Structures are given as C-alpha cells and as structure tokens.
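The figures here come from the full heavy-atom set of this structure, side chains too, leaving out hydrogens, waters and symmetry mates. Values in this document were obtained by computation on a predicted structure and should not be read as measured data.
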Amino acid sequence: MASNVERPLPAGAELVIIGAGIVGASTAFWAARAGLSPVVLEARPVAASLTTPASTGAFRLQFDNREETELVRETVDLILNFAEITGQDGAGLAVRQPGYLWATTSEEKAAKQRRLVARQHSWGQTDIELLAGDEARRRFPYLSPEVVSARYRADDA
C-alpha cells in the first residue's frame, strides 16, 4: 500500500519499505506475493522516478554459478512477462534483447569458456552458444582477427 498526504498511514505494518525505486518496488512486490502487506514510503510524487529510469536496464543469463543463474532467470521471467505476472498491463516495458557476447583471444580462456558453457547447459541454460573464432567473426564482423572463441546468448539484454 502506498500512502500520500491525502491518505493517512496505517496504524501498523508487517513491513515498511523506505523508497519506491526499483529496489523498493521490487521488495514490495515480492513481499506482497509472499503474503505480507507492505507499506511503501516514497518522497517523490511517482514511484521509480529518480535514478531507476536512468539505469542501464541490462540483464544476462551467463553466470559461472547455478545459484546466480537461477535467481536472475526468475527476475528475467518477471521482466519479460511483467504485465501477466503483475496484472499491470497499462505500460509495456519495451525490453530490447540484442544479446550478450563474451569473446576471448586466449586458447586458455577458450577452454574455460567451453567448460563454463557445458556447466551452463547442465543448469538448463541451453540457449548459450559456444562459437569458434571463425563463426564468431562471421556473425560479428567487428571482432578482432585474434578472437579464438566466444559465447553468446541472443536473448540477453
């Protein structure tokens, strides 16, 4: 519940959140989904109107550990299905997903990329591609001739 000068604060609250930026709004959303009744206090007239709109808004699902991958995967699902999950279909998020590319010029790091992509696939993130240097340069012509390997996920933003 958000309060302003026209509506008095409740006498009590299970959770009080100071600030309705992306972190405060997200905390309130997940707390409400968990069954709590949060109270959000925001000094500005509109939520998420200070630094939140200026953030890069990027996300990726290429991590080196399962836990972070699973956590971010849940967040990406919320971002991509925001209207359906939150019931707020009045404003689309206009997400652009140009992909995220990691390239290396070292055979040693290329071997690490191969092992990492195999682990990422075992965690269910099977849309991460492992590209040999020639294929990476064909698809991304701006890459240096020294690139020996790359990994890419087209749906990263």
Participant: With sequence neighbours excluded, tell me which residues meet ring-ring contact (aromatic ring centres under 6.0 Å, His included) with Tyr100.
Facilitator: Trp102
Participant: Measuring only between side-chain heavy atoms, which start at C-beta, is Leu80 closer than 4.5 Å to Gln97?
Facilitator: yes
Participant: If you compare all heavy atoms of Ala136 against all heavy atoms of Leu143, which two are closest, and at what distance to 0.1 Å?
Facilitator: O-CD1, 3.6 Å
Participant: Determine all donor-acceptor pairs shorter than 3.5 Å in which one atom belongs to a side chain in residues 69-76; sequence neighbours excluded.
Facilitator:
from  : atom 1 : to     : atom 2 : distance (Å)
Thr69 : OG1    : Asn65  : O      : 2.9
Arg73 : NE     : Gln125 : OE1    : 2.9
Arg73 : NH2    : Trp123 : O      : 3.2
Arg73 : NH2    : Gln125 : OE1    : 3.0
Thr75 : OG1    : Leu71  : O      : 3.3

Participant: Applying the side-chain contact (heavy atoms from CB on, under 4.5 Å) test to Leu116, which of Gln113, Arg119, Arg114 qualifies?
Facilitator: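 It is Arg119; the other options fail the test.
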Participant: Taking all non-hydrogen atoms of both residues into account, name the closest pair between Ser149 and Leu130 and its distance.
Facilitator: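 Looks like OG-CD1, 3.8 Å.
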Participant: Shortest non-hydrogen contact from Leu61 to Asp156?
Facilitator: N-OD1, 2.9 Å
Participant: Please check: side-chain N/O of Glu42 versus main-chain N/O of Ala20, any donor-acceptor pairing under 3.5 Å?
Facilitator: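 Yes, Glu42 side chain to Ala20 backbone: donor-acceptor pair under 3.5 Å.
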Participant: Is the closest side-chain heavy-atom distance between Val95 and Phe82 below 4.5 Å?
Facilitator: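 No, too far: nothing below the 4.5 Å cut-off.
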Participant: Of all heavy-atom pairs between Gln62 and Arg151, which one has the smallest distance, and what is that distance?
Facilitator: OE1-NH1, 2.9 Å
Participant: Hey, what do you get for CG (Asp77) to CD (Glu84), rounding to the nearest 0.5 Å?
Facilitator: 9.5 Å
Participant: Just wondering, do Val147 and Phe140 contact through their side chains at under 4.5 Å, heavy atoms?
Facilitator: no
Participant: State, to 0.1 Å, how close Val40 and Gly19 come at their nearest heavy-atom pair, and which atoms those are.
Facilitator: CG1-O, 4.0 Å
Participant: Give the cluster check for Leu101 versus Ile128: same hydrophobic cluster or not, with ILVMFWY residues linked at side-chain heavy-atom distances below 4.5 Å.
Facilitator: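 Cluster IDs for Leu101 and Ile128 differ.
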Participant: First locate atom CH2 of Trp30, then atom CG of Leu36, and finally report the distance between them rounded to the nearest 0.5 Å.
Facilitator: 13.5 Å
Participant: Which atoms form the tightest heavy-atom contact between Val148 and Ser106, and what is the distance?
Facilitator: CG2-O, 3.6 Å
Participant: I'd like to know whether CD of Glu108 has more than 12 heavy-atom contacts from other residues, nucleotides or ligands below 6.0 angstrom.
Facilitator: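 For Glu108, atom CD is not crowded (no more than 12 foreign heavy atoms under 6.0 Å).
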Participant: Please determine whether side-chain contact (heavy atoms from CB on, under 4.5 Å) holds for the pair Val23 and Ile17, giving the CA-CA distance in whole Å, both sets of side-chain angles, and the decisive distance to 0.1 Å.
Facilitator: CA-CA 10 Å; Val23 173; Ile17 300 166; over 6 Å; no
